[in-house]
Amino acid sequence: MRTGKKAATKSDKKGLERALGAPKAVRSSPKDRDLARNTKDAEGQFLTTNQGLRINDDQNSLKAGERGPSLLEDFHLREKITHFDHERIPERIVHARGSAAHGVFQVYESMARYTRAAFLNDPAARTPVFVRFSTVAGSRGSSDLARDVRGFAVKFYTSEGNFDLVGNNMPVFFIQDALKFPDLVHAVKPEPDREIPQAASAHDTFWDFISLMPESAHMIMWVMSDRAIPRSFRMMEGFGVHTFRLVNEAGESSFVKFHWKPLLGVHSILWDEAQKISGLDPDYHRRDLWEAIDSGAFPEWELGVQIVPEKDEHKFAFDLLDPTKLIPEEVVPVKRVGKLTLNRNPDNFFAETEQVAFHPGHLVSGIDFSNDPLLQGRLFSYTDTQLSRLGGPNFHEIPINRSVAPVHNNQRDGHMRQEINRGTASYQPNSVGGGCPFQAGRADGGFVSHAEKIDAHKVRGRSKSFFDHFSQAALFFKSQSDVEKEHLIQALRFELSKVERPEIRERMVRVLAQVDGGLAGRVAEGLGIAVPKAQNGPLNLSVPADGDAAAFQPEPVRKKILLSPALSMANKPLKGIQTRKVAVLAADGVSGSSLAAMTEALKAAGATPAVVSTRVGFLKTDTGKDIKIDASLLNTGSVLFDAVCVPGGKASVAALLAEPRAVRFVKEAYGHAKAIAATGEGMQLLSAAGALAASKAQAAAPAAGIVVGEIPKTKSVAEAFIAAIAAHRHWEREEKPPTPS
Ligand code: HDD
């Protein structure tokens, strides 16, 4: 702050850090980390104005006498308050609520056969990245737990310029043409008269729009599935959604779909939990990402590609350009080609997470667009939105948006220009600057658009190959496990029950009948309306376009539906208990040996145990040892944990039994199908919560995911408990409907 020189050095260091990628895990104590973070910029520095003048008193404004009026001359007061008055910028129109982290990407082996992109050609290259996750509909301050799509935007700072992969955690989208995006967003945002509801699609205008847009049927299956309520950003897949092109050195192009596969597995929570977490900790996902990175448990994803040779473009039952369709992984397998690791939290939320500007049009040589009409429309929108959000055309100069590849061009001036351009050559061609900067030929890495042949009539229309709106929606529903199907039905019942206009509910149920008669019937039942027969006839729902309704909204085309096991989270491999949170319920008198054996085993397996008690502070074990309490039953809840254990100890369990919140804690975890363990007297708490039969004989064969044993057996209880947590949930004991508490 004190001198320009210092600022330059700092930003150089930042660039270098980015270029080198991964700093080591920070493993110092939380207090040290806090101090290091908090003094980063200001250690040993005097407080100054923005002009560098040292401030002598920051507690009192300048007054005419101690009890007199403030003086306009107080430049420090005016500067400080003026800056404060302008501290907010417009939030993103969509994806306003987000969390981000720095990291690094490395390709496993050269993909030169398909693409000339340098960062995908060199397995030694560690490409710095910045990744922002987001919800779509809610405002900046809304809950992380909304039922919503999650944004998954990755900025690769490659040696050839920035490449942004601006995707979501779902592989398809609501609409086929970008022209409909403002309508979609207006429909889902809070209703314009009352600004209600916040961060929720459960209201009339959203379902009105959706029920009139059959092309959204497939996406609706995804958004009503548990994918819309992830356990963690770290445990969700990511998708580039559109079909893109890869282009190799010889100029040959293939189509590609991008995927991100999380190494922690793909997991979600229940809607009942989501609603409760929104109250207990609306920052749940943000906190989860921050804490994992801060503790050195760096989240990882593998980049996957589905590659389709250009000659196979028309071999599918759907159009590759249609963003409401996916390529089933069973048809074109996902090849894992590299790894993304997030290893550093941002230093400043505003400067980085808020000011980062993504754009699907930020490409590097070797990657190109397809003619997906949704993608084509996006190419306009993203720069345009930054102009108002970030205040002008120079947002690329904000540190988080800067390319690590040098930038040289003849763009000049504008609001908040940082670069001091020297010389007189600000045009091309020029002779006064020796012709610089030069255009780069292909051999010099110059971007050359793929020379796709296009010979067409100018039309405002849609290809008939986009008209099958239901086959893949049905494929998705049919490929879900029974538990997933049930959750999806409950989600639709919840959402549509919040819709006030009966005709919208009915229309939506008719749309669902096009997807699956059984699904529509179950939803209708929950809404107390007639169960529609599965319909194959035309829906005729849309607004006619100049009398051409048939072309705009044709009869549903039914294609052969296979099953796609890859669409079900139930078929994703389980990946251990790394970073899973386990509540250890205990009070004074807890068996110190059982508590220690349990927490050590959990930590050794990578989980994070936390002692939850009747109060905060410290508790005393049966042998008088002090144990720090991490949370109280008053300030936390079972929904914030993946599993619960109750170590024995007579006095401890008696205190927990006397505390209704402790009983509810276990009961709720049971209803949410979580792993639960108890040793010794701890079993009594499980029985009081209905998680374990009270009779000894029955308790000997507990329900799935319940692990109990005597105190000396804690080690073997812990082993079985760890295996039970790794299964994520034990759905066989989930009550129907699945939210019993
Ligand atoms: Fe978008 C932000 C993803 C369609 C217009 N979009 C935004 C972000 C993500 C996506 C992840 C947040 C980026 C960040 O973290 O800053 N958007 C998608 C996906 C889409 C999609 C996967 C479909 C496949 N978007 C889409 C369309 C339009 C937009 C069709 C407009 C025609 N999107 C925007 C935007 C945003 C945005 C208004 C808001 C803030 C921003 O761009 O920077 O321009």
Side-chain angles (χ1 to χ4, degrees), residues 226 230-232 234-235 264-270 272-274 276-277 280-281 284 287-288 291-292 295 297 574-586 590 594-613 630-631 633 636-648 653 656 661-679 682-683 685-687 689-692 702-709 713-734 738 740-741:
D226 290 347
R231 158 64 183 84
S232 159
R234 303 175 294 126
M235 298 174 199
L264 288 175
V266 185
H267 298 294
S268 287
I269 57 169
L270 288 165
D272 185 53
E273 289 175 88
K276 290 172 177 160
I277 298 173
L280 276 166
D281 185 8
Y284 181 72
R287 193 185 309 283
D288 168 274
E291 287 180 351
S295 72
L574 299 169
K575 302 279 185 158
I577 70 165
Q578 263 268 328
T579 74
R580 292 305 189 116
K581 289 193 142 186
V582 183
V584 181
L585 296 190
V590 67
S594 192
L595 185 137
M598 182 59 85
T599 50
E600 273 159 29
L602 288 168
K603 279 185 193 162
T608 314
V611 175
V612 177
S613 192
D630 298 297
L633 287 159
T636 192
S638 79
V639 290
L640 300 182
F641 295 92
D642 294 290
V644 189
C645 74
V646 191
V653 174
L656 293 172
R661 287 173 194 275
V663 179
R664 197 171 75 204
F665 198 100
V666 177
K667 192 176 171 167
E668 199 174 48
Y670 184 83
H672 293 147
K674 291 174 180 171
I676 303 176
T679 60
M683 289 184 255
L685 188 67
L686 269 53
S687 299
L692 188 69
I706 308 288
V707 189
V708 293
K713 294 260 159 54
T714 301
K715 224 174 140 197
S716 57
V717 171
E719 267 170 35
F721 185 40
I722 288 166
I725 302 169
H728 184 60
R729 297 295 165 98
H730 299 272
W731 300 119
E732 49 274 60
R733 65 175 156 81
E734 187 195 12
S741 52

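Nothing fancy with the numbering, it's 1 onward along the sequence. Values in this document were obtained by computation on a predicted structure and should not be read as measured data.
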Using a 3.5 Å distance criterion without hydrogens, assess whether the side chain of R733 forms a donor-acceptor pair with backbone atoms of A704. yes
Going by an N to O cut-off under 4.0 Å, is there a salt bridge joining [X] and [Y]?
{"X": "E291", "Y": "R234", "value": "no"}
{"X": "D642", "Y": "K674", "value": "no"}
{"X": "E668", "Y": "R661", "value": "no"}

Does the side chain of F665 reach to within under 4.5 Å of the side chain of L656, using non-hydrogen atoms? no
Answer whether the closest heavy-atom distance between the side chains of V584 and L595 falls below 4.5 Å. yes
Candidate pair K581 and L602, rule side chain to side chain contact (heavy atoms under 4.5 Å, CB included), full reasoning: CA-CA 9 Å; K581 289 193 142 186; L602 288 168; over 6 Å; no
Roughly how far apart are [X] [atom1] and [Y] [atom2], rounded to 0.5 Å?
{"X": "L692", "Y": "L685", "atom1": "CG", "atom2": "CG", "value": "10.5 Å"}
{"X": "I577", "Y": "L264", "atom1": "CD1", "atom2": "CG", "value": "12.0 Å"}
{"X": "L633", "Y": "S613", "atom1": "CG", "atom2": "OG", "value": "7.0 Å"}
{"X": "I269", "Y": "R231", "atom1": "CD1", "atom2": "CZ", "value": "8.5 Å"}
{"X": "I725", "Y": "L574", "atom1": "CD1", "atom2": "CG", "value": "12.5 Å"}
{"X": "R287", "Y": "L640", "atom1": "CZ", "atom2": "CG", "value": "8.5 Å"}

What pair of heavy atoms forms the shortest contact from [X] to [Y], and how long is it?
{"X": "V717", "Y": "A678", "value": "CG1-O, 4.2 Å"}
{"X": "A297", "Y": "T579", "value": "CB-CG2, 3.4 Å"}
{"X": "A691", "Y": "I676", "value": "CB-CD1, 4.5 Å"}
{"X": "A601", "Y": "I722", "value": "O-CD1, 3.6 Å"}
{"X": "S268", "Y": "D226", "value": "OG-O, 2.6 Å"}
{"X": "G709", "Y": "M683", "value": "O-CE, 3.6 Å"}

Candidate pair R729 and H267, rule side-chain hydrogen bond (donor to acceptor under 3.5 Å, both in side chains), full reasoning: CA-CA 9 Å; R729 297 295 165 98; H267 298 294; over 6 Å; no
Step by step, work out the side chain to side chain contact (heavy atoms under 4.5 Å, CB included) result for T636 and F641. CA-CA 9 Å; T636 192; F641 295 92; 3.4 Å; yes
May I have the step-by-step check of side chain to side chain contact (heavy atoms under 4.5 Å, CB included) for V582 and F721, ending in yes or no? CA-CA 11 Å; V582 183; F721 185 40; 3.8 Å; yes
Intermediate values then yes/no, side chain to side chain contact (heavy atoms under 4.5 Å, CB included), L280 and V639: CA-CA 9 Å; L280 276 166; V639 290; 3.5 Å; yes
Could you check whether atom NZ of K713 has more than 12 heavy atoms from other residues, nucleotides or ligands sitting under 6.0 Å from it? no
